[in-house]
Q: 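My questions will all concern the structure given below.
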Protein chains: 2
Amino acid sequence: MLIKKNVKRLLLYRLCLVKFREMGFKRVYSYNLGHEAGVSAEQIRKDFSHFKITGNKKGGYDIESVLEKLNYIFRKNELQKVIIVGMGNIGRALSHYECGFTVRRQYIVAGFDIDPVKIKKTYNVPVYDMRSMDEYIRTNNIQVAIMAVPSISAQEVCTILVDAGIKGIMNFSPVLLQVPENVIVNNINLCDELEIVIYTAVNSNSINEAMIDNLTRD
Amino acid sequence: MLIKKNVKRLLLYRLCLVKFREMGFKRVYSYNLGHEAGVSAEQIRKDFSHFKITGNKKGGYDIESVLEKLNYIFRKNELQKVIIVGMGNIGRALSHYECGFTVRRQYIVAGFDIDPVKIKKTYNVPVYDMRSMDEYIRTNNIQVAIMAVPSISAQEVCTILVDAGIKGIMNFSPVLLQVPENVIVNNINLCDELEIVIYTAVNSNSINEAMIDNLTRD
DNA sequence: ATTATAATGTTCAAAAAATCACATTAAATA
DNA sequence: TATTTAATGTGATTTTTTGAACATTATAAT
């Protein structure tokens, strides 16, 4: 999990840097960025150093060149083709989520579903029959898929994806998918994420007695 | 961040326990649960111990009673009222996301938007004018909100929420919200999450030379 | 009833991550 | 040009997290 944590922070830094750039800044110091991102200045420098992103001993970091480096790291020069499996509420929402995905050169190229009502319709992207998914993945050399299917069919769909050659899955079903070592899964459990908010928000007022003593936070 | 990490694991365990229960099991051992959740058995026992969830020295953990304890910890007995601000793609998808939210007794009670087209329409929940949001929050004593508004208006909306008394925000805008100490924010950046998948999946094949040496994984 | 077994729960050790401290060096100043 | 300053980058230290080891105890077997 080391990479994931670092990578997540790096993406957070990118978000902040873009904001600074929009504000007209050309350079930032580690503590500016740290303050904005909510991490320590040392952490920033360590992370940058780790990914061989260098600054200037007096003048901090050049925003543009750090962003370029980040784009290089995240292969932003290459257009990443991504498919969505399951065009339910979440799937359809993501297919319209241009503001984020297309700006970043992640590109949703197709959706798949088993529901004949959804197939052929175009929710911003063409939606095909799931039976043709395997072929589509192979011919278009798709490596990454977003899964937003019902829990009951999640593992089955996952297996099809993996067999077709998918290497990364962003999974919205509350199911822990069984995949080979070389396939990575990022589970997004929206309920859990909301639960965390509720838990923390509610308990920050009146501590639940089940929680007791030694719970530090942040 | 200690709580959040623990809580996240606890929610993961719950997911697994529900699955085991559905499969007809009555009891689990720490290593069963660990295997399913992808964590070590010791970690399970540590986490349980930390939250005063106890098992049986020989017979492992009684699934039903652990789930009950978890429900108590997460206050599942109380119905949590949640509002959605911003009825765009994501907001609307979440308003229909019953399978998760309602089963868990989290309850989306209302949506808010500034777009007159969306107001009055009912996307599974009633949608009101954002100008009435402050009043709604106060009269209904809402503590938690989901924000799915455009980045440009995120901070403004956030401030309204906080002033109205919101204590927890699940934020889908790629913006780091400024909030007082006592308000907690859970940022869900779907682009970043997809980026992580792409990054890891693509780099697991052909390592990017920018990444170099010392990147361990998992 | 006694013994053996197999799980928990906790203490102790190792690993990882974050923070601190400082040596280094680019820029500003005199 | 020399000196001061203020930032980076990295080695050392501390803290946190994870993993291993083991003592404890409920159950099963004899």
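Numbered from 1 within each chain, the chains take letters A, B, ... in sequence-line order.
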Q: If you define the side chain from C-beta out and look only at heavy atoms, does anything of B:N189 sit under 4.5 Å from A:L12?
A: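 No, too far: nothing below the 4.5 Å cut-off.
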Q: A:I53 has an atom CD1; how far is it from atom P of D:dG9, in whole Å?
A: 10 Å
Q: Quick one: label A:R9 by what it contacts on the DNA or RNA (base, sugar-phosphate, nothing), any heavy atom closer than 4.0 Å.
A: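 Sugar-phosphate, no base atom in range.
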Q: For A:D62 and D:dA7, what is the distance between atoms CG and P respectively, to the nearest whole Å?
A: 16 Å
Q: Considering heavy-atom distances to DNA chain D, does A:S49 or A:G59 have its closest nucleotide positioned more toward the 5' end?
A: A:G59
Q: Do B:K46 and D:dG19 share a donor-acceptor pair, side chain to base, under 3.5 Å?
A: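 Yes, the side chain and the base share a sub-3.5 Å donor-acceptor pair.
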Q: Taking only the side-chain nitrogens and oxygens of B:N56, find out if one of them lies under 4.0 Å from OP1 or OP2 of D:dT25.
A: no
Q: Taking the side chain of A:S40 as heavy atoms from C-beta outward, which of C:dT19, D:dA26, D:dA7 is closest to it?
A: C:dT19
Q: Round to a whole Å and report the spacing from NZ of A:K57 to P of C:dA23.
A: 13 Å
Q: Please classify the nucleic acid contact of A:F48 as base, sugar-phosphate, or nothing, using heavy-atom distances under 4.0 Å.
A: nothing
Q: Looking at the base of D:dT8, is there any donor atom on it, or on the side chain of A:K58, that sits under 3.5 Å from an acceptor on the other one?
A: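 In this structure, the two groups form no donor-acceptor pair.
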Q: Using a cut-off of 4.0 Å on non-hydrogen atoms, how would the nucleic acid contact of B:E42 be classed: base, sugar-phosphate, or nothing?
A: base
Q: Taking CZ from B:F51 and C1' from C:dT8, how many angstroms apart are they, rounded to a whole number?
A: 18 Å
Q: For the side chain of A:K5, starting at C-beta, report the closest nucleotide among C:dC22, C:dA18, D:dT18.
A: C:dA18
Q: May I ask you to test the B:I198-A:F74 pair for a side-chain heavy-atom distance under 4.5 Å?
A: no
Q: If you check the B:Q43 side chain, which of C:dG9, C:dA26, D:dG19 turns out closest?
A: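 Nearest to the side-chain atoms of B:Q43, counting from C-beta on, is D:dG19.
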Q: To the nearest angstrom, how far is B:L33 atom CG from C:dA7 atom P?
A: 14 Å
Q: Within a strict 4.5 Å, meaning less than it, do heavy atoms of the A:V18 and A:E22 side chains meet?
A: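 Yes; the side chains approach each other to less than 4.5 Å.
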Q: Just wondering, do B:L94 and A:L190 contact through their side chains at under 4.5 Å, heavy atoms?
A: yes
Q: Counting just side-chain N and O atoms, does A:Y61 come under 4.0 Å of either OP1 or OP2 of D:dG9?
A: yes
Q: Tell me whether the side-chain N/O atoms of A:R45 come closer than 4.0 Å to OP1 or OP2 in D:dT8.
A: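 Yes, A:R45 has a side-chain N/O under 4.0 Å of OP1/OP2 on D:dT8.
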Q: Starting at NE2 of A:H50 and ending at P of D:dT10, how long is that distance when rounded to a whole Å?
A: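 About 12 Å, once rounded to whole Å.
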Q: Could you check whether B:Y31 gets within reach of a base, just the sugar-phosphate, or nothing at all, counting any heavy atom under 4.0 Å?
A: sugar-phosphate
Q: Which of the following nucleotides, D:dT8, C:dG9, C:dT19, is nearest to the side chain of B:T54?
A: C:dG9
Q: Just to verify, which of A:N140, A:N141, A:D134 counts as forming a side chain to side chain donor-acceptor pair (under 3.5 Å) with A:R138?
A: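 Among the candidates, only A:D134 passes.
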Q: Tell me what A:G55 touches on the nucleic acid: a base, only sugar-phosphate, or nothing, going by heavy atoms under 4.0 Å.
A: sugar-phosphate
Q: Starting from P on D:dG19, measure out to CD1 on B:I44 and report it in whole angstrom.
A: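 Roughly 11 Å, once rounded to whole Å.
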Q: So A:V82 and B:V197, do their side chains get closer than 4.5 Å, heavy atoms only?
A: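 In short, these two side chains do not touch, never coming nearer than 4.5 Å.
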Q: Measure CG/B:D47 against C1'/C:dG9 and give the value in whole Å, please.
A: 13 Å
